[in-house]
Number of protein chains: 2
Amino acid sequence: MRLNAKVPPSEMRCFETYLRSKKLKLTDERVKILTTIFDKSTHFNAEWLYRELNQKKQSMSRATIYRTLYLLVQCNLVRRNSLGSAHANYEAIREAEHHDHLICLNCDRVIEFYRLNLEQLQEEICHEKNFQPLHHNLQIFGLCSECINKTDDSTMRHKVAQIRT
Amino acid sequence: MRLNAKVPPSEMRCFETYLRSKKLKLTDERVKILTTIFDKSTHFNAEWLYRELNQKKQSMSRATIYRTLYLLVQCNLVRRNSLGSAHANYEAIREAEHHDHLICLNCDRVIEFYRLNLEQLQEEICHEKNFQPLHHNLQIFGLCSECINKTDDSTMRHKVAQIRT
DNA sequence: TTTTTTGCAAATCGTTTGCACGCTG
DNA sequence: CAGCGTGCAAACGATTTGCAAAAAA
């Protein structure tokens with residue numbers, strides 16, 4: 001039974017095209033996952049998606065979620081980015097534009113930013129080093145304005161040491 | 001039995017000081033780990049260290065290695081940085097200076113670089129956003145000059161999707 | 001002696017995978 | 001109908017942890 005389809009946005013078409021090109025199928029599960037991601041999330045992880053999908057209606061296994069996330073990353077609808085944590089984090093790619101992250105180590109807030117110079121500078125460096133960039137990632141860890149006075153040094157040192165980058 | 005100490009370099013003193021400040025002990029195992037790291041490595045992982053330490057003389061458990069690595073990160077003698085892989089990578093911090101990485105997705109070569117503008121730009125962004133930076137990390141993934149013609153698109157798309165950042 | 005360390009093995013935990021059944025195209 | 005997709009549960013694999021024995025201070 002096909003999901004009572006809301007008008008499929010461009011993301012859906014993109015996914016469909018990708019799947020067809022790989023001879024893969026557009027299943028209900030895949031549709032629901034994509035919809036959930038683009039409806040409700042900015043940054044999320046597999047567990048959030050699992051709970052989000054299972055709280056309401058029928059269940060969906062973690063396996064399917066992981067497998068679908070892989071496909072979505074492959075066709076550039078989703079970006080994988082652990083944001084310093086030990087597990088994977090993902091984000092929906094809404095516009096084509098890229099951005100980097102400020103990550104608060106106290107409250108886990110993620111602040112996105114984009115700076116053209118920064119991108120250009122990177123291009124420049126790659127060119128100099130004769131390196132062909134395919135992906136890049138800048139994350140700055142620290143304390144957001146709300147958290148600056150809420151922790152102590154030793155806690156922060158521990159947290160910095162725990163960062164996975 | 002204390003290791004027949006080569007003249008302890010400044011790193012050793014730093015470690016010793018740190019340990020003492022925490023009422024921890026300077027054991028043979030810890031000395032050997034630090035020595036191995038600063039003698040032989042640039043970028044390494046726990047497994048490399050394990051093999052390096054165990055191939056010659058007596059054995060050392062992985063547990064000790066992980067526990068010691070944690071201490072070394074705490075006292076800023078070692079930096080933890082997965083470089084996009086699923087497991088942790090580490091590097092000895094030889095000078096105080098910071099650098100970023102170009103990482104070849106084909107041959108895993110790591111090219112270090114430093115660019116003052118880049119650092120300044122980041123400072124600027126943080127200042128604007130009222131964010132206190134504690135750690136940052138820029139990695140550019142792609143193909144080094146030697147590998148540019150050695151792979152195909154689909155392989156690279158897969159590898160990019162596997163990156164953990 | 002007292003406290004910290006170590007090695008071992010078992011436990012974690014997010015993620016991946018093999019398999020048998022079910023559904024899509 | 002053939003080929004993918006799914007759920008389940010088991011496998012994975014790097015890292016962590018509890019515990020009893022061993023070593024530093």
Side-chain angles (χ1 to χ4, degrees), chain A residues 1-3 5 15-34 44-51 53-54 57-74 78 80-90 158 161-165, chain B residues 1-3 5 15-34 44-51 53-54 57-74 78 80-90 158 161-165:
Chain A
M1 67 192 100
R2 175 64 63 81
L3 204 64
F15 195 25
E16 230 174 319
T17 307
Y18 172 78
L19 291 174
R20 200 145 27 204
S21 81
K22 296 282 184 189
K23 301 201 176 112
L24 302 178
K25 296 169 185 173
L26 185 68
T27 61
D28 265 17
E29 283 81 355
R30 289 174 180 167
V31 170
K32 289 178 70 175
I33 288 174
L34 182 57
F44 66 96
N45 58 41
E47 198 49 30
W48 174 88
L49 191 52
Y50 177 76
R51 278 198 290 262
L53 285 162
N54 287 320
K57 324 175 183 188
Q58 73 273 22
S59 71
M60 191 177 305
S61 75
R62 270 175 249 267
T64 300
I65 289 175
Y66 281 109
R67 286 189 275 230
T68 304
L69 280 172
Y70 175 78
L71 295 174
L72 291 170
V73 170
Q74 284 294 306
V78 166
R80 180 179 183 161
N81 200 322
S82 80
L83 300 176
S85 93
H87 62 270
N89 276 290
Y90 301 86
H158 178 78
Q162 290 306 110
I163 293 173
R164 312 289 184 102
T165 49
Chain B
M1 65 191 97
R2 175 62 64 84
L3 203 63
F15 194 28
E16 228 174 320
T17 308
Y18 172 78
L19 291 174
R20 198 142 30 203
S21 81
K22 296 283 183 186
K23 298 198 177 114
L24 301 179
K25 296 170 183 170
L26 185 68
T27 62
D28 263 15
E29 284 81 357
R30 288 173 180 167
V31 170
K32 287 179 72 175
I33 289 174
L34 181 57
F44 66 98
N45 58 41
E47 199 49 31
W48 174 88
L49 191 51
Y50 177 75
R51 279 200 289 262
L53 286 162
N54 285 322
K57 326 178 181 186
Q58 74 271 25
S59 72
M60 191 176 308
S61 75
R62 271 173 249 268
T64 301
I65 289 175
Y66 281 108
R67 286 187 277 231
T68 304
L69 280 172
Y70 176 80
L71 295 174
L72 291 171
V73 170
Q74 285 294 309
V78 166
R80 177 181 186 162
N81 199 322
S82 82
L83 299 177
S85 92
H87 62 267
N89 276 289
Y90 301 85
H158 177 77
Q162 291 307 111
I163 293 172
R164 314 288 185 103
T165 49

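Proteins come first, then strands; the chains are lettered A, B, ... in the order of their sequence lines, and each starts at number 1.
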Verify whether one side chain among A:S85 and A:S82 offers a donor that lies under 3.5 Å from an acceptor in the other.
->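 No, because no side-chain N or O of A:S85 sits under 3.5 Å from a partner of the opposite role on A:S82.
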
Whole angstroms only, please: what is the [atom1]-[atom2] distance between [X] and [N]?
X	N	atom1	atom2	result
B:L26	D:dA25	CG	P	8 Å
A:R20	C:dG25	CZ	P	9 Å
B:R51	D:dA14	CZ	P	10 Å
A:E29	D:dC4	CD	C1'	12 Å
B:Y50	C:dT6	OH	P	15 Å
B:E16	D:dA24	CD	C1'	13 Å
B:L71	C:dT6	CG	C1'	13 Å
A:K22	D:dC4	NZ	P	13 Å

Donor-acceptor pair, side chain of A:N45 and main chain of A:H87, under 3.5 angstrom =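 Not a single qualifying donor-acceptor pair exists.
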
Backbone N or O of B:N89 within a donor-acceptor pair of the B:R80 side chain at under 3.5 Å?
->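 A pair under 3.5 Å: no.
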
OP1 or OP2 of C:dT6 sitting under 4.0 Å from any side-chain N/O of B:T27?
->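 Answer is yes, contact under 4.0 Å.
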
Which residues pass the side chain to side chain donor-acceptor pair (under 3.5 Å) test with B:T68, sequence neighbours left out?
->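 Applying side chain to side chain donor-acceptor pair (under 3.5 Å) to B:T68 gives none.
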
Please identify each residue that fulfils side chain to side chain donor-acceptor pair (under 3.5 Å) with A:T17, with sequence neighbours left out.
->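 Partners of A:T17 under the side chain to side chain donor-acceptor pair (under 3.5 Å) test: none.
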
Euclidean distance, A:L49 CG relative to A:L69 CG, rounded to 0.5 Å |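 Reported value, rounded in 0.5 Å steps: 5.5 Å.
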
CG on B:L19 to CG on B:L26, rounded to 0.5 Å =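 Between atom CG of B:L26 and atom CG of B:L19 there are 6.0 Å.
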
Mind listing the N/O atom pairs, protein and nucleotides 14-18 of chain C, below 3.5 Å?
residue	atom	partner	partner atom	Å
C:dT15	OP1	A:A88	N	2.6
C:dT15	OP2	A:Y66	OH	2.4
C:dT15	O5'	A:Y66	OH	3.3

Tabulated below should be each protein N or O lying under 3.5 Å from an N or O of nucleotides 1-3 of chain D; please produce it.
residue	atom	partner	partner atom	Å
D:dG3	N2	A:K25	NZ	3.0
D:dG3	N3	A:K25	NZ	3.4

Report the residues that fulfil side-chain contact (heavy atoms from CB on, under 4.5 Å) with A:A86, sequence neighbours left out, ordered by chain and then residue number.
->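 A:R164.
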
Not counting sequence neighbours, which residues clear ring pair (Phe, Tyr, Trp, His ring centres under 6.0 Å) with A:Y70? List them please.
->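 A:Y70 satisfies ring pair (Phe, Tyr, Trp, His ring centres under 6.0 Å) with B:H158 only.
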
Go through the structure and list residues passing ring pair (Phe, Tyr, Trp, His ring centres under 6.0 Å) with A:Y90, not counting sequence neighbours.
->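 In terms of ring pair (Phe, Tyr, Trp, His ring centres under 6.0 Å), with neighbours along the sequence ignored, A:Y90 is linked to A:F44.
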
For A:R62, which residues count as a salt bridge (charged side-chain N to carboxylate O under 4.0 Å, His left out) partner, sequence neighbours excluded?
->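 With neighbours one apart ignored, the set is A:E47.
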
Rounding to 10 degrees, work out the angle separating the end axes of the helix from C:dT1-D:dA25 to C:dG25-D:dC1 (five pairs an end).
->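 The end axes of the helix from C:dT1-D:dA25 to C:dG25-D:dC1 are about 30° apart, to the nearest 10°.
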
